[in-house]
Amino acid sequence: MASVTWLAVALALGSAFAAGLSTSVQHHAAENAPRGRGVLGLMRHLVGRPWWLVGQALGLVTVGFHAAALSYGPLALVQPIVISGIVFAVPIRAAISRRLPPRAEILWVTLTAAGLAVFLVASSPRESNVVAREGLQIWLTVVLALVAYAAIGVSRRVADGQRRAFLLGAAAGILFGLVAVTLKVTVHDLGDHGIGGMLTSWAFWALVVVGLSGVATNQFAYHSARLSASMPVLNIVDVLVALGFGYVVFQEVPRHTPLAVVAEVVSLGAIVVGLWRLAFFEEAHQAEDPEPQDVASDQRAG
């Protein structure tokens, strides 16, 4: 059982690594897209950007590792690791540029990594019981999806880009949290009932809907304001949705001695604060990066 859990951790780390690369590339493409377009116009523009397509390919790798991790370990263990992709961007960027990152950035990376390590050791949740509360799974998925879509609707009436990006980031966080939930159920259905059973499962079709909605919402969040306006709240809401489903619906009860609870709360706080601060460094790095050739050419032509 322990070897299976650590395999899930390793696969989740692989997903986080791919997500760090994917997020960076997608943000750069979406941020430079022409403004004033609707959802279809924005997506048509992005589909024609090679950098955005590379980001989507990396996103598929992320999903593959994520699904494999969820098949071997509890959602409440896997999801806090998966959202830490930005941590991997720092050493990758330093290796490519052959330049050490600022001390403050190293500090926040260290804090986030330490929080993850402590959480993994302290929480040790039980194995998931995916089939026990299917009715509750469906009900909560529908309710949270409606909350996300309501936030998207409200954001259209918000003129301030920072506030709009915050709302869209929160909505994307809910949707990506639901992606993790429905992905876990889908992987379980595939293992137990094969492809036919998976294709007739509510979770598979819910995964398609919330996944596509989450990607589109995330692009609009990136397009509305700076990365720091949407990424932190997205990660926080994402992990809260996943932990809530893991603990309440999938019965992934963590260690709950007083010392373990304190360690879990403190380590999650360290992860949240670390990811929040790292978003500002990521934003600064992306502002320094040269524009992709195709985007720069479009701007010169305009």
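When reading the values below, keep in mind they use all heavy atoms of this one structure, side chains included, and skip hydrogens, waters and symmetry mates. It should be emphasised that the depicted structure is a prediction, and the values quoted were computed from it without experimental measurement. Numbers here simply count residues along the sequence, with the first being 1.
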Could you grab the distance from atom [atom1] of [X] to atom [atom2] of [Y], nearest 0.5 Å is fine?
X: T112; Y: I83; atom1: OG1; atom2: CD1; value: 9.5 Å
X: L207; Y: D189; atom1: CG; atom2: CG; value: 11.0 Å
X: I174; Y: S213; atom1: CD1; atom2: OG; value: 12.0 Å
X: L243; Y: E252; atom1: CG; atom2: CD; value: 9.0 Å
X: S84; Y: F119; atom1: OG; atom2: CZ; value: 12.0 Å
X: L190; Y: I195; atom1: CG; atom2: CD1; value: 6.5 Å

I'd like to know if the side chain of [X] and the backbone of [Y] have a donor-acceptor N/O pair within less than 3.5 Å.
X: R164; Y: A159; result: yes
X: S201; Y: G197; result: no
X: H256; Y: P254; result: yes
X: K184; Y: G73; result: yes
X: T200; Y: G196; result: yes

[X] vs [Y] side-chain heavy atoms within contact, under 4.5 Å:
X: I152; Y: F220; result: no
X: P74; Y: L77; result: yes
X: Q251; Y: R133; result: yes
X: L116; Y: I271; result: yes
X: T62; Y: F17; result: no
X: V210; Y: F176; result: no
X: W205; Y: T182; result: no
X: V78; Y: Y72; result: no

Testing the basics here: between [X] and [Y], what is the closest heavy-atom pair and its distance to 0.1 Å?
X: V61; Y: A18; answer: CG1-CB, 4.0 Å
X: A16; Y: I81; answer: CB-O, 3.4 Å
X: E264; Y: S267; answer: O-OG, 3.0 Å
X: V185; Y: A203; answer: CG1-CB, 3.5 Å
X: A221; Y: S230; answer: CB-CB, 3.8 Å
X: T217; Y: A171; answer: CG2-CB, 4.1 Å

So if you build clusters from Ile, Leu, Val, Met, Phe, Trp, Tyr with side-chain heavy-atom gaps below 4.5 Å, do [X] and [Y] land together?
X: V237; Y: V147; value: yes
X: I236; Y: V118; value: no
X: L75; Y: F204; value: no
X: V239; Y: V121; value: no
X: M198; Y: V208; value: yes

Legend entry - R255, CZ atom: more than 12 neighbouring heavy atoms under 6.0 Å: yes
Inset, instruction - Starting from the C-alpha separation in whole Å, work towards a yes-or-no answer on side chain to side chain contact (heavy atoms under 4.5 Å, CB included) for Y149 and L175. - result: CA-CA 9 Å; Y149 295 138; L175 293 169; 4.2 Å; yes
Run the side-chain donor-acceptor check on residues 135-145: report pairs under 3.5 Å with partners two or more places apart or on a different chain.
from : atom 1 : to   : atom 2 : distance (Å)
Q137 : NE2    : V130 : O      : 2.4
T141 : OG1    : Q137 : O      : 2.7

Inset, instruction - Using the side-chain contact (heavy atoms from CB on, under 4.5 Å) rule, pick out the option among L13, L111, L278 that qualifies with V87. - result: L278
Inset, instruction - Indicate the ring-plane relationship of F250 and F245, choosing parallel, tilted or perpendicular according to the 30° and 60° boundaries. - result: tilted
Give every donor-acceptor pair under 3.5 Å between a side-chain atom in residues 63-70 and any protein atom, sequence neighbours left out.
from : atom 1 : to  : atom 2 : distance (Å)
H66  : NE2    : Q79 : OE1    : 2.9

